[in-house]
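Down below is the structure, laid out as structure tokens.
Everything quoted here is computed from the prediction, not taken from an experiment.
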Amino acid sequence: MKISQVVAIAILAVGIPLAAQAAVTASLDRSEVGSGEGVQLLLERDGSSNNPPDLTPLAQDFSVLGTGTGSSVQIVNGHVSSTAQIRISMVPKHDGKLQVPSLEWDGQRSQTLVLTVGGTSAPGTPGVSGQGSTVAQPDSSHVFMDTKLNPSQVFVDQAVLLTVRLHTDTPLQQAGLDLVGNRDVKVQPIGEDKQSSESRNGRDYQVVERRYVLFPQRSGVLQLDGPVLQAQVVDAARADPFGGDPFFGNVFARLPFAGTMNALRPLRLQGKPIALTVQPRPAGVAAQDWLPATAIDLEETWLPAAATVHAGEPITRHLRLHAQGITAGQLPDLSAAMSLPEGIKAYPDPAKLDTQLGAEGLTASRDQDIALIASRPGHYDLPPMRVSWWDAKQNTTRVLTVPGRTLDVLPAVAGTNATPEAPSSTTSDGTLKDVPTGGRLLNFGQGFNAKAHAWFWVSAGLFVAFLGAMAAWWRERKRAPRGARGPIPHTGPSVVPKTGNVSTSMQAFIAAAQANDAPAARRHLLVWASKKWPQDPPSGLQALAQRLQQSEFDALLKQLDRACFSNGEWQGSPLVLALKTWRQSAAKEVKIDEIAGLYR
């Protein structure tokens, strides 16, 4: 044999094992998992590498949660070898025998693997099952969800109650349940979570129930992705080091932190898609009269009850609209539905809106006081007031009617002013204007008032003390180092920029909320509130919830505040929808500040 052939054979003999060593190897930490359970894929190759592998092929059957890199170096008989590793945490998207595809890393490819998902999990490892209906689950399901719509067939803009029930017989840690809307279906959580226990298929489950309100935006068959549970479950393959000890295992099992030393495995479970069959608004029903509900009542009371008043004196009409199957934000503005004769003006107070969730579903109410003032004496006939709505149970239009009323207005009492507008000492731009003599301003020509003089000096003293306290606080703040001041607390007032207006601030909030940026959304929302109420801006999100006077804002703004404080995830679309509904309702209400002077 020629020498060249011997050399070539030697090179090939050496090169084959080198090529085998350079190949990428893949392995799974388990070959069987329950539905929604996480699994780890380990990729290894000889040598070092700065390039990540191509994980795109995994997207077909798996959701990649994260990756971690590592390397090892060995020295044997003076020979140095290194190995690069990448550990991929992923969750299967569906059940069955799934193929982990071959992955490319620096020109080399790994082998394909098979993973069995669903059915009975490995011993001692919790299995999970996703379900979008109330069908019983198989015995192997340790965690599953079911959902229920009420009603299942609805009209456009009709509120739909969705109940999500999560069952688990294994502890869940860092658990979060989310339901995200789309442009066809708006989603808003309502009420507090309810916890209970239930036995099914011979197992005892802890049940967490959460409810949402869905608002279909168009007709047709609409689909919404099912709710998503993301949590951590104990990995029995890497158990608590004290679990097998007869003493420590029994002791720590009874303590609040039992199981905290166990290794955790990610769990991602998604319920089945939610389908809505939405009917369009019936032909012939005007948009302003479209109010789909299951029941509506309208009540009114008068104060004083007598139908005789003097000119310039207010008589209050209290209207209460109570409905089932919709939210309070969908109820119409009652003051806009009134028709008044010439000579009477209406001054409505801000409406009080309330939405409750009970055994029969959603109930909403809108209470509003409307002051009526006649500028001159006479006999007035108030026409009936009508509210049209759509009966979603009987599929027909109904009209609520409040009977008309007669008012006999007597001449104004001597010494009172029959003109409903109260005098003001400033103009709309804040400058002083002339005030007729005999008004509410002090007339120094009538002599010195001792009580007023004493109160003036008391007020002046308090004001000077307040300025002193503010100056001391400012000196301490300037003296403290910047790093020692800490973050601005979420419960305190925010710094309000001098530029911008109500509209631009709201647009900035909507942009931040759509990006699910909780800190930016909170900042822009408080700026909007300061522009909306410049004389008395809310000091924080809790004060803003009270200012908006709707119970649904309590939970939504608490979620925003909690997300800012804990730096957690936050969905801004429910708050954007609630504020949009509130602004549309508030825009129709007439707000006249001078009415307060008529009650003095």
Side-chain angles (χ1 to χ4, degrees), residues 297-322 331-353 365-387 400-428 432-443 445-446 449 451-452 455 533 535-536 547 549 585-600:
D297 294 321
L298 179 59
E299 303 173 357
E300 74 165 354
T301 55
W302 292 82
L303 185 69
T308 301
V309 293
H310 293 273
E313 294 180 350
I315 181 171
T316 301
R317 185 182 198 179
H318 177 78
L319 295 173
R320 186 176 192 272
L321 193 58
H322 182 270
L331 295 175
D333 181 8
L334 298 176
S335 62
M338 291 196 318
S339 178
L340 298 177
E342 185 179 357
I344 294 182
K345 291 186 177 181
Y347 301 90
D349 287 345
K352 296 180 180 179
L353 305 180
S365 63
R366 179 187 178 102
D367 290 84
Q368 190 170 23
D369 289 332
I370 304 171
L372 303 179
I373 301 178
S375 59
R376 57 181 182 270
H379 181 83
Y380 297 91
D381 291 324
L382 301 183
M385 185 171 61
R386 295 179 174 85
V387 176
L400 290 174
T401 302
V402 176
R405 183 181 176 93
T406 299
L407 289 180
D408 291 320
V409 179
L410 303 178
V413 179
T416 63
N417 185 9
T419 303
E421 288 77 17
S424 175
S425 59
T426 60
T427 61
S428 59
L432 292 175
K433 68 177 183 180
D434 294 334
V435 178
T437 57
R440 295 187 181 274
L441 297 184
L442 290 177
N443 189 344
Q446 297 178 353
N449 189 324
K451 292 184 179 180
W455 178 247
W533 296 283
Q535 302 300 326
D536 184 22
R547 184 69 56 85
Q549 296 183 343
S585 176
K588 300 177 183 178
E589 299 176 358
V590 181
K591 297 180 180 180
I592 301 179
D593 297 334
E594 289 83 0
I595 188 63
L598 300 175
Y599 291 92
R600 298 174 184 171

Checklist entry - Within the distance-only criterion (no hydrogens, no angle test), does the side chain of Gln549 pair as donor or acceptor with the backbone N or O of Leu353 below 3.5 angstrom? => result no
Checklist entry - So do Lys345 and Leu340 actually touch side chain to side chain, heavy atoms under 4.5 Å? => result no
Item to check | Pro314 versus Pro304, closest heavy-atom pair with distance | outcome: O-CD, 4.4 Å
Checklist entry - Considering all heavy atoms of both residues, which atom of Glu342 and which atom of Tyr380 are nearest to each other, and what is their separation? => result O-CE2, 3.4 Å
Next on the checklist: Is any side-chain heavy atom of Arg320 closer than 4.5 Å to one of Lys352?
Outcome noted: no
Item to check | Atom pair OG1/CG of Thr401 and Leu298 - distance to nearest 0.5 Å | outcome: 9.0 Å
Checklist entry - If you take all heavy atoms of Leu331 and Leu321, which pair is closest and at what distance? => result CD1-O, 3.9 Å
Checklist entry - Hey, does Asp367 have a side-chain heavy atom less than 4.5 Å from the side chain of His318? => result yes
Next on the checklist: Salt bridge or not between Arg366 and Asp333? Use side-chain N to carboxylate O under 4.0 Å.
Outcome noted: yes
Checklist outcome for this item: Nearest heavy-atom contact between Leu372 and Ala346 is CD2-CB, 3.7 Å
Item to check | Between CG on residue Leu319 and OG on residue Ser335, distance to nearest 0.5 Å | outcome: 9.0 Å
Item to check | Closest contact, heavy atoms only, Gly343 versus Arg376 | outcome: CA-NH1, 4.0 Å
Checklist outcome for this item: Correct closest heavy-atom pair for Pro377 and Pro411 would be CB-N, 3.7 Å
Checklist entry - Which value, rounded to the nearest 0.5 Å, describes the distance between Thr316 atom OG1 and Ile370 atom CD1? => result 10.0 Å
Checklist entry - Heavy-atom distance under 4.5 Å between the side chains of Met338 and Arg317, does that happen here? => result yes
